[in-house]
Amino acid sequence: MPQLSFERNEAMIGLWVFAAAAALVSFAADPGKTRRACRIGLRMFVGICPFLLAVLALVSLVMAALTPETLRAVLGGRGVGPFFAALGIGSVALIPGFVAFPLASVLRHYGASNATLAAFITSLLMVGVLTLPVEARYFGWRTSILRNVLALGGSIVVAGVMALVLG
Amino acid sequence: MSQAFSPKKGAKWALPLASFAAAAGLGIAGHLFPGFAYGRKAGDDFVHFLLEMASVLPAMFLLVGLFEVWVPRAVIERYAGRRSGAAAVPWMILLATLQAGPLYGAYPVAVGLWRKGCAAWNVFIYLGMFSALKIPLLTFEVSFLGWEFSLARTAVTVPVFTGLGILLAKLLPRDYIPPAVLSEDR
């Protein structure tokens with residue numbers, strides 16, 4: 001069972017290389033504009049920091065209660081129970097994809113169906129109940145709640161079709 | 001919680017500081033007392049989340065700033081605006097595919113696009129593709145869950161979340177603009 005651990009990966013390095021290159025090109029073309037771009041970026045970052053910090057701290061308090069044994073007991077096995085548990089946990093938890101997929105393969109080993117795994121992964125990536133306050137800062141509460149409700153519905157549809165296709 | 005997140009200035013840092021102290025305190029206690037596994041895990045998870053945030057967000061916000069300064073509104077309106085039609089979808093998929101990190105890193109990009117005249121459904125399609133098509137994640141998924149699972153999940157997720165993006169945009173008021181942290185008039 002993989003634990004949450006920080007891994008540098010190619011995607012992140014790629015993002016930084018791209019951002020640095022873009023900033024250099026921008027600075028060569030127009031230092032003034034580049035400074036303005038940095039100010040905008042910095043102000044947004046500082047603006048969202050307190051919210052993100054609070055949410056991440058709360059998420060880690062919740063995540064620490066979800067032990068590997070709990071996940072295995074709740075999500076392993078067949079039937080409707082594990083399916084909806086997967087949706088619920090996926091909606092609340094914040095697990096990076098690089099941990100989620102190995103975790104899903106462990107759950108499959110413990111008897112989780114394809115539908116349960118698809119529900120878990122899709123809701124994990126698309127629904128964020130605990131990160132709602134952060135999302136609402138960007139889109140407003142109404143839009144954020146709507147988006148999450150629809151994404152939860154989408155996760156059920158994806159999982160349902162997966163069950164029909166793969167069994 | 002909603003109260004603490006209101007724009008009241010004094011309360012702005014109260015909840016963040018309290019939760020930060022709780023997570024940090026639990027982590028320290030967990031490392032001091034070996035029996036306190038919950039505290040240790042909470043602290044370690046928190047450090048992990050902070051590192052993940054620090055490893056993605058600054059680069060992301062720098063790009064959003066550059067995007068805001070350099071990309072003309074007309075370009076976004078032409079390729080992803082209200083009249084762009086289905087041709088915009090591949091662009092949204094491409095944009096989401098190239099991204100790293102958690103979904104909350106995509107919110108500022110989404111708002112930046114939106115405010116430059118990107119149609120709402122395209123913004124939501126972009127967000128929706130986060131669960132389906134990220135190339136670095138896809139290779140990971142294939143190696144752990146097999147290509148059958150991965151292929152089926154991607155093939156189902158793309159149309160479902162494209163449809164949901166369009167539906168969500170239809171449910172919003174016609175000229176809705178997000179409140180946005182991104183604004184120079186703040």
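Chain letters run A, B, ... following the sequence lines, proteins first and then strands; every chain starts at 1. From a predicted model like this one, the values you see are computed outputs, not experimental measurements.
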So, [X] and [Y]: side-chain donor and acceptor under 3.5 Å apart, yes or no?
| X | Y | value |
| --- | --- | --- |
| A:T34 | A:S26 | yes |
| A:N114 | A:R108 | yes |
| B:T157 | B:T154 | no |
| A:E135 | B:Y107 | yes |

So what's closer than 4.5 Å to chain A heavy atoms on [X]: side chain, backbone, both or neither?
| X | answer |
| --- | --- |
| B:L171 | both |
| B:F67 | neither |
| B:A54 | backbone |
| B:L103 | side chain |
| B:L63 | side chain |

With chain A as the partner, which of [options] has the greatest number of non-hydrogen pairs under 4.5 Å?
| options | result |
| --- | --- |
| B:A59, B:A23, B:G43 | B:A59 |
| B:L66, B:L62, B:V123 | B:L66 |
| B:A152, B:G165, B:P159 | B:A152 |
| B:G146, B:P58, B:A22 | B:P58 |

Which bit of [X] comes within less than 4.5 Å of chain B, counting heavy atoms only: side chain, backbone, both or neither?
| X | answer |
| --- | --- |
| A:R142 | side chain |
| A:L52 | side chain |
| A:L53 | both |
| A:A159 | neither |

Legend entry - Check: B:R40 side chain, B:P34 main-chain N or O, donor-acceptor pair, under 3.5 Å: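 Yes: the side chain of B:R40 pairs with the backbone of B:P34.
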
Taking the six-membered ring where the residue is Trp, are the ring centres of [X] and [Y] under 6.0 Å apart?
| X | Y | value |
| --- | --- | --- |
| A:F101 | B:F144 | no |
| B:W121 | B:Y126 | no |
| B:F20 | B:F46 | yes |

Inset, instruction - Count the heavy atoms belonging to other residues, nucleotides or ligands that lie under 6.0 Å from CH2 of B:W70, then report whether that count exceeds 12. - result: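 Counting other residues, nucleotides and ligands, CH2 of B:W70 exceeds 12 neighbours.
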
Legend entry - Other residues, nucleotides, ligands: >12 heavy atoms within 6.0 Å of B:F36 CZ: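 Above 12, so yes.
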
Among [options], single out the residue with the greatest number of heavy-atom pairs under 4.5 Å to chain B.
| options | answer |
| --- | --- |
| A:A20, A:S60, A:S123, A:S155 | A:S60 |
| A:G41, A:A29, A:C49, A:A57 | A:A57 |
| A:V62, A:L146, A:L124, A:L42 | A:L146 |

